[in-house]
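Following: one structure in structure tokens, then a few remarks.
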Amino acid sequence: MRRTKADADATRKKILNAAERMFYEKGVSNTTLDQVASEAGVTRGAVYWHFANKTDLFLALYEAVPLPHEDMIARDIESEAFDTLVIVERATGDWLETLARDEQRQRILSIMLRCDYDHAMSAVLAKQREIDERHNAMLELAFSRALERGQLRERWTPASAVRALHWMMMGLCTDWLLFGRSFDLVAEGRDTLRHLFSGFRGEGMIRRPFSTQRSEEDVQ
């Protein structure tokens, strides 16, 4: 039984890897499950054993790319010891670093940006919206905490701050992924984040780093 499960997991991974390559090279709409099966070196039936259809396969790829450190943000925004905006800025910048060094993540995000979300892919679009809504709700809570603590300028609402951050990150990553990676994503991305978060900060607020205790925990 253990070997059978291991074999099934290995086959599923082969299919996902093949789909990633085919979707990236040919596009989602121009790739068939038969082509994915051939690329993976498995039967068509093996593909259908693991995935109901191409949409199901695409969703599995989508779920392999998590959004910026949601768990860390959700945990730390409740602590009075940390500057809430520092938490969000650092997590977002760290995610850019992860993207810059992770070629698989780059391919999957490129596939998503190029995809034509027609009727067959509507379930993927719905899943994207569901995940985005959850992520944005968590960020809105973070910005609400910052507003309560005097860290966010009152001219910003939590919702408008979330939109500004979302649009900035979307534009930055789209430009970098689809137009030749012509700039340093990490350096320019973090610099842009610094300017954006400087605009978020309340008058006279100093950017407060994490405590030494937290840094030691992160290292562990």
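Computed from a predicted model, the values in this text were never measured in an experiment. As a basis for the values below, the full set of heavy atoms in this structure was taken, side chains included, without hydrogen atoms, waters or symmetry mates.
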Notebook entry, point to check: Mind checking whether C173 and W95 have side chains closer than 4.5 Å, heavy atoms only?
Noted result: yes
Item checked: Nearest heavy-atom neighbours spanning E154 and L147 -> CA-CD1, 4.1 Å
Notebook entry, point to check: Step by step, would you call V42 with V36 a side-chain contact (heavy atoms from CB on, under 4.5 Å)?
Noted result: CA-CA 9 Å; V42 301; V36 171; over 6 Å; no
Checklist line | Shortest non-hydrogen contact between A146 and L85, atoms and distance | finding: CB-CD2, 3.8 Å
Checklist line | Atom pair CD (Q106) and CZ (R101), whose distance is rounded to the nearest 0.5 Å | finding: 11.0 Å
Note to self: Let me confirm one number: the CZ-CE distance from R163 to M170, rounded to the nearest 0.5 Å.
What the structure shows: 15.0 Å
Next item on the list: Check S198 against R153 and note the closest heavy-atom contact, atom names and distance.
Entry: O-NH2, 4.3 Å
Checklist line | Note: R201-D83 ion pair, threshold 4.0 Å (strictly below) | finding: yes
Notebook entry, point to check: Side-chain contact, heavy-atom cut-off 4.5 Å: Q104 with N17?
Noted result: yes
Notebook entry, point to check: Within a strict 4.5 Å, meaning less than it, do heavy atoms of the R190 and D94 side chains meet?
Noted result: yes
Check: Nearest 0.5 Å, what's the CD1-CG distance between I15 and L61?
Finding: 11.5 Å
Item checked: Non-hydrogen side-chain atoms of F23 and L57 separated by less than 4.5 Å -> yes
Next item on the list: Check whether any side-chain heavy atom of L172 sits under 4.5 Å from a side-chain heavy atom of L96, and report yes or no.
Entry: yes
Check: Taking the six-membered ring where the residue is Trp, are the ring centres of W156 and F143 under 6.0 Å apart?
Finding: no
Item checked: Electrostatic pair R12:D9 at N-O distance under 4.0 angstrom -> no
Next item on the list: Classify the side-chain pair Q151/R145 by whether it contains a donor and acceptor separated by less than 3.5 Å.
Entry: no
Checklist line | Any side-chain heavy-atom pair of F197 and L165 under 4.5 Å | finding: yes
Checklist line | Expected output: side-chain D102 to main-chain T98 donor-acceptor under 3.5 Å | finding: no
Check: To the nearest 0.5 Å, what is the distance between CG (L16) and NZ (K13)?
Finding: 10.0 Å
Note to self: Between S38 and D34 (side chain of the first, backbone of the second, donor and acceptor by atom type, cut-off under 3.5 Å), is there such a pair?
What the structure shows: no
Item checked: CZ-CG distance between R105 and L177, expressed to the nearest 0.5 angstrom -> 11.5 Å
Next item on the list: Please report the shortest heavy-atom distance between A161 and F200, naming the atom on each side.
Entry: O-CZ, 3.6 Å
Margin query: Would you compute the distance between atom CD of E25 and atom CZ of R107 and round it to the nearest 0.5 angstrom?
Written below: 9.5 Å
Notebook entry, point to check: Any side-chain heavy atom of D184 within less than 4.5 Å of one from W176?
Noted result: no
Next item on the list: Kindly indicate whether a cation-pi arrangement holds for R114 with Y24, taking the cut-offs as under 6.0 Å to the six-membered ring centre and within 45° of the axis.
Entry: yes
Notebook entry, point to check: In terms of side-chain heavy atoms, does R149 have a donor or acceptor partner in T84 at a distance below 3.5 Å?
Noted result: yes
Next item on the list: Taking the side chain as every heavy atom from C-beta outward, state whether T157 and L152 have any atom pair closer than 4.5 Å.
Entry: no
Margin query: Ignoring hydrogens, what is the shortest heavy-atom contact between K26 and T31? Give both atom names and the distance.
Written below: CB-OG1, 3.6 Å
